[in-house]
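Structure, as structure tokens:
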Amino acid sequence: MQRYIAQRLVQAVVTIFLMSIIVFLMGRMTGDPATLLMSQYSTEDDRIEITKRLGLDKPLPEQYLIFITDALHGDFGRSVKGDRRPALEIVLERLPASLKLAAVSLVIGLLFGLALGITSAIKRGSALDTAARVFALFGQSIPVFLLGIVLMYVFAVLLHWLPTSGYGGFKYYILPAITMSWFTVAAITRLARTSMLDVLNCEYIKLARIKGLSESVVILKHALRNSLIPVITFMGTFFVIMITGAVVIETVFSWPGIGRLAVETVMDRNFPILQTIVLFMTTLYIFANLFVDILYAYVDPRIRYDK
Amino acid sequence: MKRLRLCIVLLGMLGLFVGLSPVGAQAQKAAPAGTVNIAISTLHEETFLPWNGGGPRKFYLDNIYEYLFYVDPATGKAIPGLAKKWKVSPDGKTWTFTLRKGVPFHEGWGEVTSADVKYSIEQIVDPKSVVGPAGQMRKLIAKVEAPDPYTVVFQLTRADAEFDFGYMGNSMCAPICCKKYVETVGDEKANAHPIGTGAYTLTEYKKGSSMTFTTVKDVEKHWRVTPKFKTIKILAVPEEATRVAMLKAGEVDLAPISYDSVDTVKASGLHILPGSFWAPLIRFGGIVATDPKRYIPNIPWAKKEVRQALNYAIDRDAIVKNIFHGSAVPSFGSISSPLWNDIPAYPYDPEKAKQLLKQAGYPNGFKVTLKVFTTTPGAELPLLGQTAAMYWQNIGLDVTVIPTDWGTVRSEWSGGKMVPDYVWTHRGLYWSSLNSGLMVETTSKTPFSSYATKESEALFDKMATELDAKKRAKLAVEMGEFLREEAFCVGLVHAYEPHGVSKKITAWPTNVLYPNNLDQLK
């Protein structure tokens, strides 16, 4: 197990390193950030000065070396716009909003996904099962942009029950969290249903029933725990997807998280912030996967990664 | 007919201004009340010192800070602001401003003096400053002097007949800050808690989300304006569909929307007011003839006849009707000036376009790449590009439309590493004065030039330094007619970004030069 973890850590470092090169190059290949800092009144001297100030006049390998060396020391550069605050500071400022939304969405996703999935499995073939399967299908196929706008128009514009968008108290979480968790509810429903059906077909469940245990005890005590293993292992991934994939939802609901910050920085070619966000997201994703793999091994004793 | 419509639109705009100049605003003396909520697509850099970000921040900075001059809505000329009078030397290089006495900074930080003006301008022209006009002002301003507390003298490196409102007016981003305050508390704190002389002060700021401004104490006695609303809340709402939903839900009172949303917003009982001016057009790459690095002599549109043909090929009336729902006027270029009201846009004449192409040696047309992208405002730019491509195909051109993004085109246009050998849609640029607009649009003095010839540069130099108002006006008309004849770009329309507005707001006096006067919302 230790060897496996060590191998995965090395892979993670290599992946992050390669990603840092890709992000670094892409930030520069799609446009000269110096020109985006210039106004229409700027002069050629301004362009030269900005290029020099941002270090863009240096050869690309040298620029990358400076970037990666500084990054290893926790310095991800400064925003190229405004008062040039540290990029990491700006990203960390926006992170709590994304984390809170992702956490609320994950809770909704788990509660509704598990409830629907397990009930659907237990009541296999019933109207409820059919409804859950239809929901799971549509839940995974409807674009979040569309869903967000529809929910906004129904609950904010027509019914006036909730605010359309914005960042604030509990009521501001409801629409973006439902939109964000929609896909997760659908995914967990399918996952939990399939898993529960597998477990319910196992010999030890049949044995429990033959022993005369009540159906509720069979489900809750013997089947539920094992059926949750695949769901638990996906939780970490879901959570990271919710943070990293919040670009559209944060834009639609004017949520000041890192997803929206990513969009803004792409438009502005604010490459130090963009690099920080992408590296942060990549690292988060890699380590969430690693954590899940390890967790999986501990939760299910049948699984061992060592040869 | 087009001239008449243009005049009606402009007169309509001017009509909104009556009583809204700094002097006229004094008539409005009722105490401010209530809150106006405004949704805009971005809060930009979210910095509050003028020199720490770009000009678009004026939308919120102008609640806090004020200017030496304001734009006269009727004439487009400078009228007194923090400077109550001024004179210019015969050579146009020395401008002496006399400041209004007794204008207080917020929170008891003293009154505005020449030291504050000198300090503010010196910060703006500092090499570290990133505010829009800094580059030009560095070149233009040789020295700022403060011989006494109420006199400021600007020594310029060259004559500029529009220095007053062109650089020091409210259409530019050079407002006056409190020297004592910034030096006492430092840039960081002054940025977090800005102090100006405006009718509002920043009272709440949520990063990436909202800014709230509240009227200052005794605002009824403010020297320039008594606002209608006690509180202005500006929210960052990047998605247009969300802004429309917020308007419909009654959550905001003012928000920019697309032309396609105008009908749905009106149907909800809201009304539409014009906001920022924009002038969508198609620019030609490689025709800055006075700069060999930005000139491609053998590109088809280097010939005037070809540029004229591409202009004649487009039916601007159809564009106004179908894309702008009638809320725009055809134009021949990106700059708007009342002096050019009588210069018409190119009429739709495809036969003449074909004839001009033949005359230029392209009877069978040629291949052209047209790059399109969206901006804010400018959601309609790709559609405008597709439309132009369709019209050009009708006269025999082989047009390839490439969707891209503004950042990429901007880099290629102004980055100095390549000459664009294509044409591209553009939303037009915002100009504080005719001088500054023409300098970029018709000379090779800046990286954002897209057309220049020896003739255009000579005409510009003559006009920019002419101090006699009548002669300047005549030269400006001459310049406009020259540019129209040259077909320096494919001008499409002049329009104002539509804003959905609740019943709480009855008027918003914007014009080409100044869409940031939230303190004058009625």
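These values consider heavy atoms only, across backbone and side chains, with no hydrogens, waters or symmetry-generated copies. These numbers were taken from a predicted model, which means no experiment stands behind them. Chain identifiers are assigned alphabetically (A, B, ...) following the order of the sequence lines, protein sequences preceding nucleic acid strands; residue numbering begins at 1 within each chain.
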Going through the checks in order, is the side-chain contact (heavy atoms from CB on, under 4.5 Å) test met by A/R269 and B/T408?
-> CA-CA 10 Å; A/R269 299 293 194 282; B/T408 303; 3.1 Å; yes
Check this for me: [X], atom [atom1], are more than 12 non-hydrogen atoms of other residues, nucleotides or ligands nearer than 6.0 Å?
{"X": "A/F112", "atom1": "CZ", "result": "no"}
{"X": "A/E62", "atom1": "CD", "result": "yes"}
{"X": "A/W182", "atom1": "CH2", "result": "no"}

Given that the side chain runs from C-beta out, which part of [X] has a heavy atom under 4.5 Å from chain B: side chain, backbone, both or neither?
{"X": "A/R84", "value": "neither"}
{"X": "A/E44", "value": "both"}
{"X": "A/M38", "value": "both"}
{"X": "A/L56", "value": "neither"}

Contact class of [X] relative to chain A, heavy atoms under 4.5 angstrom:
{"X": "B/R57", "value": "neither"}
{"X": "B/T446", "value": "both"}
{"X": "B/E46", "value": "side chain"}

Say whether B/T242 and A/S165, considering side chains only, have a donor N or O and an acceptor N or O under 3.5 Å apart.
-> no
Using distance alone, with no hydrogens and no angle criterion, decide if B/E239 and A/T251 have a side-chain donor and acceptor under 3.5 Å apart.
-> no
Can you tell which of [options] has the highest number of heavy-atom pairs within less than 4.5 Å of chain A?
{"options": "B/A245, B/G437, B/G416, B/S436", "answer": "B/A245"}
{"options": "B/V130, B/T42, B/L235, B/N52", "answer": "B/N52"}
{"options": "B/G55, B/S268, B/G208", "answer": "B/G208"}
{"options": "B/S210, B/G53, B/S414", "answer": "B/S414"}
{"options": "B/D187, B/V237, B/V244", "answer": "B/V237"}
{"options": "B/H44, B/E45, B/E251", "answer": "B/E251"}

Mind checking the CZ-OG1 spacing from B/R410 to A/T35? Nearest 0.5 Å is all I need.
-> 6.0 Å
Hey, does A/S254 have a side-chain heavy atom less than 4.5 Å from the side chain of B/P238?
-> yes
Full working for salt bridge (Lys or Arg N to Asp or Glu O under 4.0 Å) between A/D46 and B/K139 = CA-CA 11 Å; A/D46 292 333; B/K139 283 188 175 294; over 6 Å; no
Looking only at heavy atoms, what is the nearest atom pair of [X] and [Y], with distance?
{"X": "A/T164", "Y": "B/A249", "result": "CG2-CB, 4.0 Å"}
{"X": "B/A236", "Y": "A/R260", "result": "CB-NH2, 3.5 Å"}
{"X": "B/K207", "Y": "A/P256", "result": "O-CB, 3.9 Å"}

Measure from the side-chain N and O atoms of B/Q136 to the backbone N and O of A/Y41, and report whether any donor-acceptor pair falls under 3.5 Å.
-> yes
Side chain of A/R47, backbone of B/P447: donor and acceptor closer than 3.5 Å?
-> no
Interface check, chain B: of A/F253, A/Y153, A/F145, A/W255, most non-hydrogen pairs under 4.5 Å belong to A/Y153
